[in-house]
Amino acid sequence: MKKPVYIQSVGSVSAQKTFDSSSFLEDIITYNDTTVRVIDPNYKEYIPPAAARRMAKGIKMSTVSAKNALTEADLEEREVDAIIVGTGLGCIGDSEKFVKDIIDNDEQFLTPTRFIQSSHNTVAGQIALGMGCKGHNFTYVHSSISLESSLLDAKLQLEEDEAQTILVGAVDELVDHHVNTHHLIGHIKKEPTETFNVLKSQTKGAIFSEGAHFFVLSNKKKAGSYAELLGIKTFNTLQIEEVENEILQFLNENILDPEEIDLLLLGNNGDVEFDTYYQTLNEGTFVSHSKAYFKHLSGEYDTANGFGFWLANKILKEGVVPSAVLRDNHEITSPKTILIYNQYRGENHSLLLLRKC
């Protein structure tokens, strides 16, 4: 018999003050730009300064996020059986710097540090080295479903009792060449847009950002558990008219009726060309369901759904939905079941189903 899977703790570094677990989106930071950086915690509190100087930003963000998740779960580092990380671009900043050094130094006298730290699995490896974890260590690079692939791997292992406690993370960093490229091809908005109004912008492109989000998953329920992870499903492509039917089938596979979903958490990013996928849920079966959004707070990046997953878990744990994420500001009291639906530019659709413990 498959074991249930629970989220025991969360850690997040994002464009909001999410690394501080003492508050829950009470002080919303708004931006008026086309790109948004994370609010950096005081890294010296988590990482020795000498080590931090050699770390890429993605590694530093992930270290803070992972340590917060482990501390909240009250875990000894030796109790973690596996580390699984999802990332769209890895430590792309060091990749850029290494290539630039090759050009600037005429392919001579290069130090290997930036090359070593530029591989996609650097984050999972560095965390494992710091913890002394010699178990399953894997990195999924599946574009905008990298987090979902990591969660699915962890879920399968925990259900079959191949592991008892797994640290799952998602991280992406924002760097100049990536931004310039996506500006050029029109994936980033041409004009600065206020983040709080981005979903009403009616323009092409999104506001790009970065972040790191880590979660401790276990097949043992504890008093402080956030939620049970009921189901995960991904699709490479879907037609707009197929979205509702696929969601209904997904709920049926998890033995749930649509009426049992208390909140739909949607990944709208303000791109007028592709937000139409979510608008179909404002009619039909889900027309009267409560809906919330998160990318006007987090920005868009390959693993932005990590912020959505963090948000859904916090909502279930705290029993409140922050007004900043609610559509039409209508109050929802103590939601028990949340469905997260996300996609990016019409591809890599994902469904995540959570239930309050």
Side-chain angles (χ1 to χ4, degrees), residues 4-12 14 16-28 68-69 72-74 151 155 168 196 199 213-233 244 247-248 250-268 278 281-282 284-298 305-342 350-357:
V5 176
Y6 302 99
I7 293 91
Q8 306 290 12
S9 63
V10 301
S12 174
S14 72
Q16 303 297 324
K17 297 178 181 178
T18 52
F19 63 86
D20 180 8
S21 59
S22 63
S23 63
F24 178 32
L25 296 183
E26 293 170 7
D27 181 17
I28 300 297
N68 282 343
E72 186 185 14
D74 194 23
L151 288 170
K155 188 172 188 290
V168 178
F196 225 74
L199 302 186
H213 317 278
F214 276 75
F215 312 91
V216 173
L217 274 63
S218 174
N219 53 20
K220 296 178 181 178
K221 186 178 178 181
K222 298 181 180 179
S225 297
Y226 277 72
E228 181 182 352
L229 179 57
L230 297 178
I232 304 167
K233 196 167 187 178
E244 181 179 319
I247 291 176
L248 291 173
F250 175 66
L251 295 178
N252 185 57
E253 290 167 1
N254 288 280
I255 319 172
L256 280 176
D257 292 324
E259 294 74 23
E260 296 179 82
I261 302 300
D262 299 312
L263 181 67
L264 281 170
L265 188 55
L266 305 175
N268 300 59
Y278 306 105
L281 302 179
N282 291 328
T285 306
F286 299 98
V287 64
S288 59
H289 277 66
S290 298
K291 300 176 183 69
Y293 312 99
F294 61 90
K295 288 182 182 173
H296 62 299
L297 301 182
S298 69
N305 213 22
F307 186 94
F309 195 67
W310 170 87
L311 175 60
N313 277 282
K314 291 287 284 185
I315 287 172
L316 292 173
K317 181 75 175 285
E318 302 291 336
V320 296
V321 184
S323 59
V325 303
L326 269 175
R327 178 193 172 206
D328 301 329
N329 291 322
H330 96 262
E331 188 176 345
I332 305 171
T333 55
S334 300
K336 300 293 190 296
T337 308
I338 296 178
L339 175 66
I340 307 172
Y341 168 48
N342 184 57
S350 68
L351 299 170
L352 295 171
L353 188 59
L354 293 167
R355 180 168 60 197
K356 182 180 177 68
C357 286

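In this text, all values refer to a predicted model and were calculated from it rather than measured experimentally.
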Participant: Taking the cut-offs as 6.0 angstrom to the six-membered ring centre and 45 degrees off its axis, would you call Lys314 and Phe24 a cation-pi pair?
Facilitator: yes
Participant: Could you check whether any side-chain N or O of Lys317 sits under 3.5 Å from a backbone N or O of Gly224, counting only pairs where one atom can act as donor and the other as acceptor?
Facilitator: yes
Participant: Side-chain contact, heavy-atom cut-off 4.5 Å: Leu256 with Leu339?
Facilitator: no
Participant: Where do Tyr226 and Leu316 come nearest, in terms of heavy atoms and distance?
Facilitator: O-CB, 4.1 Å
Participant: Would a 4.5 Å heavy-atom cut-off, applied to side chains only, mark Ile332 and Ile315 as touching?
Facilitator: no
Participant: Is there a side-chain contact between Leu25 and Leu311 (heavy atoms, below 4.5 Å)?
Facilitator: yes
Participant: Is a donor on one side and an acceptor on the other found under 3.5 Å between the side chain of Lys291 and the backbone of Phe286?
Facilitator: yes
Participant: In the structure I gave you, are the side-chain heavy atoms of Lys155 and Leu217 within less than 4.5 Å of one another anywhere?
Facilitator: no
Participant: Quick one: are Phe309 and Asn342 in side-chain contact, heavy atoms under 4.5 Å?
Facilitator: no
Participant: Considering only heavy atoms from C-beta outward, does the side chain of Ile261 approach that of Leu353 to under 4.5 Å?
Facilitator: yes
Participant: Within the side chain of Asp262, is there an N or O that forms a donor-acceptor pair under 3.5 Å with the backbone of Lys336?
Facilitator: yes
Participant: Would you mind reporting whether Leu281 and Ile247 have side-chain heavy atoms less than 4.5 Å apart?
Facilitator: yes
Participant: Distance-only, no hydrogens or angles: does the His296 side chain make a donor-acceptor pair with backbone N or O of Ala324 under 3.5 Å?
Facilitator: yes
Participant: Hey, is the main chain of Ser22 close enough, under 3.5 Å, to the side chain of Asp20 for a donor-acceptor pair?
Facilitator: yes
Participant: Counting distance only, does the side-chain N/O of Asn252 pair as donor-acceptor with the main-chain N or O of Leu248 below 3.5 Å?
Facilitator: no
Participant: Are any non-hydrogen side-chain atoms of Phe19 and Asn68 less than 4.5 angstrom apart?
Facilitator: yes
Participant: How far apart are the closest heavy atoms of Gly306 and Phe215, and which atoms are they?
Facilitator: O-CZ, 3.5 Å
Participant: State which residues pass side chain to side chain donor-acceptor pair (under 3.5 Å) with Ser9; sequence neighbours excluded, sorted by chain then number.
Facilitator: none
Participant: In terms of heavy-atom contacts, does NZ of Lys220 have more than 12 from other residues, nucleotides or ligands at under 6.0 Å?
Facilitator: no
Participant: Of the non-hydrogen atoms in Val321 and Pro335, which two are nearest, and what is the gap between them?
Facilitator: CG2-CG, 4.0 Å
Participant: Is a side-chain N or O of Lys295 found less than 3.5 angstrom from the main chain of Gly267, in a donor-acceptor match?
Facilitator: yes
Participant: Is it true that atom CG of Asp74 has more than 12 heavy atoms of other residues, nucleotides or ligands lying nearer than 6.0 Å?
Facilitator: no
